[in-house]
2 protein chains.
Amino acid sequence: MESRCENCIVRQFNSLRAMSKEELKEVSDSKVTKKYKKGETLFEEGEKLNGVFCVREGVSKMSKLSANGKDQIVKLATTGEVIGQRAVIVEEPTNLSAIAVNDMEVCFVPKEIIVNSMHKNPDFTLEVLRHMAHDLKEADDVIVNMSQKTVKQRIAEAFLYLKNNYGVDEEGYLSLTLSREDIANVVGTATESCIRIISEFKKKGYLKTSGKRIGIANEKELQDLIDGF
Amino acid sequence: MESRCENCIVRQFNSLRAMSKEELKEVSDSKVTKKYKKGETLFEEGEKLNGVFCVREGVSKMSKLSANGKDQIVKLATTGEVIGQRAVIVEEPTNLSAIAVNDMEVCFVPKEIIVNSMHKNPDFTLEVLRHMAHDLKEADDVIVNMSQKTVKQRIAEAFLYLKNNYGVDEEGYLSLTLSREDIANVVGTATESCIRIISEFKKKGYLKTSGKRIGIANEKELQDLIDGF
DNA sequence: TATAAAACATGACAATTGTCAGTTTTTTTA
DNA sequence: TAAAAAAACTGACAATTGTCATGTTTTATA
């Protein structure tokens with residue numbers, strides 16, 4: 001039997017926490033839990049979404065194809081986050097693709113439930129608004145980083161981000177392993193440049209690697225580099 | 001005597017249009033109309049805002065100081081737009097500075113009025129949410145442009161943006177004149193690089209200039225350049 | 001309107017980053 | 001576990017972009 005949203009811990013971290021008991025029941029009754037394997041697509045840029053996805057487990061990369069054929073990863077969506085909200089609110093096709101970075105479990109909630117609640121429950125709408133306001137600030141920060149920091153700084157920043165948000169395993173390697181190509185697509189550079197800089201960081205003792213796994217060996221030096229020292 | 005919000009055309013373009021008559025009256029009674037000369041600061045990054053600003057006339061650049069001391073212009077806010085909303089919603093200091101690009105007239109609305117309406121009027125909240133969702137999409141697009149397009153393409157794009165959004169004067173020059181430095185700060189490049197590329201575009205017949213005024217002489221070529229031909 | 005200040009412009013050069021063309025290693029799958 | 005596929009890596013080189021230094025033009029102001 002499916003688990004009930006009312007008892008879902010994940011909900012504490014997203015806008016669904018502002019829903020009433022009745023609304024939650026509705027969500028719970030209509031939601032569909034889906035599993036995606038690493039690399040599978042939740043949805044693609046340009047698709048019309050008829051609901052939102054609440055991430056229970058795993059990480060999804062949210063990306064946009066650029067004119068030159070490269071994917072730019074705009075953000076990573078993690079446990080607790082609701083994705084697809086933006087498109088549902090403005091009733092437009094989504095501007096981003098969502099692809100599982102590792103195995104995922106997500107709950108799909110039909111848009112009618114969400115839209116309905118937004119018309120009836122101002123607290124819920126306000127909570128959604130707060131989350132979107134937060135996302136917008138983060139997007140502003142990304143814009144500034146993209147244009148004002150070097151590729152080296154952005155890569156260093158990406159690793160600290162991964163450490164702070166997803167932690168490290170018992171051997172000290174980052175728990176969330178992204179391919180070099182994905183990292184390049186996060187910081188907006190060529191895969192080769194990304195690999196080269198990782199090699200350089202390794203030589204300098206800032207990072208350690210084991211296959212595709214990467215660990216931070218000298219956090220302070222990385223931070224100094226980001227800060228421009 | 002101050003003009004009434006109820007009759008303000010500007011309101012049609014922003015979230016205030018979802019307000020009830022009573023709410024609008026409240027706004028109207030508590031708002032303060034302010035004028036800013038070109039170059040003056042509406043507010044600075046890190047400030048706490050105790051209200052929002054509704055732009056009646058003129059344009060404001062919304063920027064963020066980066067670690068290397070350069071301002072990155074994240075967006076331009078124009079007639080009809082409400083600025084400072086994000087900060088008021090999340091109850092945080094604002095993450096952006098607002099500086100008048102030309103002479104401005106704005107209405108300052110105390111945050112209590114806004115917050116109050118957001119708790120009581122779901123239509124208003126939803127309308128604010130829609131606007132923020134739109135801003136977020138635009139920010140995503142900027143991120144992709146920043147990381148995947150060349151400086152040359154971004155500058156070309158900036159000029160077409162200025163033409164499409166602010167139009168041209170009778171001589172064919174862009175109605176909104178930004179300094180070369182501002183343009184550089186919009187596209188995220190060095191002022192010298194920006195000037196150089198403008199000169200190049202002029203030589204190639206894509207642009208014409210007269211002092212600091214700039215006009216588009218060959219829109220198609222600019223568009224081709226943006227599209228990567 | 002003379003003078004100062006700001007903005008615009010250009011050259012020379014160095015640093016950063018991307019592209020292409022491969023090789024090697026790791027991971028996946030039959 | 002062998003073969004195939006994908007990912008990681010490296011070198012060489014070119015293109016892009018930033019920096020510094022300096023001169024010119026435009027704009028603002030006393």
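Quick note on labels: first sequence line is chain A, next is B, and so on, each numbered from 1.
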Would you mind reporting whether A/C8 and A/R56 have side-chain heavy atoms less than 4.5 Å apart? yes
Gap between atoms NZ and C1', on B/K37 and D/dA28 respectively (whole Å): 14 Å
Taking atom C1' of D/dT10 as reference, at what distance in whole Å does atom CZ of A/R180 sit? 14 Å
Honestly, is B/K208 close enough over B/Y173, meaning NZ or CZ under 6.0 Å from the six-membered ring centre and within 45° of the axis? yes
By the definition side chain to side chain contact (heavy atoms under 4.5 Å, CB included), identify the one residue from A/D182, A/I73, A/T41 that meets it with A/I99. A/T41
Residues from residues 211-229 of chain A lying under 4.0 Å of DNA chain C - heavy atoms: none
Please find out if less than 6.0 Å separates the ring center of A/F53 from that of A/F43. yes
Between CG of B/N68 and P of D/dT17 the distance, given in whole Å, is 17 Å
side-chain hydrogen bond (donor to acceptor under 3.5 Å, both in side chains) with A/T78: which residues, sequence neighbours excluded? A/Y166
Rounded to whole Å, please give me the gap between CG in A/L207 and C1' in D/dC9. 15 Å
Whole Å only: how far is the CD atom of A/E192 from the C1' atom of C/dT24? 15 Å
From the options A/I226, A/L178, A/N164, A/L174, select the one residue that forms a side chain to side chain contact (heavy atoms under 4.5 Å, CB included) with A/F159. A/L174
Which is more 5' along DNA chain D, the nucleotide nearest B/K38 or the one nearest B/T150? Just name the residue. B/T150
According to a strict under-4.0 Å criterion, is A/R196 in side-chain N/O contact with OP1 or OP2 of D/dT10? no
Rounded to whole Å, please give me the gap between CD1 in A/I155 and C1' in C/dT17. 11 Å
Would you call A/K35 and A/E57 a salt bridge, using N to O less than 4.0 angstrom? no
Go through C/dT17, D/dT17, D/dT19 for me and flag the one nearest to the B/A190 side chain. D/dT19
With respect to the phosphate group of D/dG18, does any side-chain polar atom (N or O) of B/T189 fall under 4.0 Å of OP1 or OP2? yes
If you pin A/S210 and A/S193 to their nearest nucleotides in DNA chain C, which one's is more 5'? A/S193
In whole Å, I'd like the distance from the CD1 atom of B/I195 to the C1' atom of D/dG23. 13 Å
Does A/S199 put a side-chain nitrogen or oxygen below 4.0 Å from OP1 or OP2 of D/dT10? yes
How long is the line joining CD of A/E200 and C1' of C/dT16, in whole Å? 11 Å
With respect to the phosphate group of D/dT19, does any side-chain polar atom (N or O) of B/K70 fall under 4.0 Å of OP1 or OP2? yes
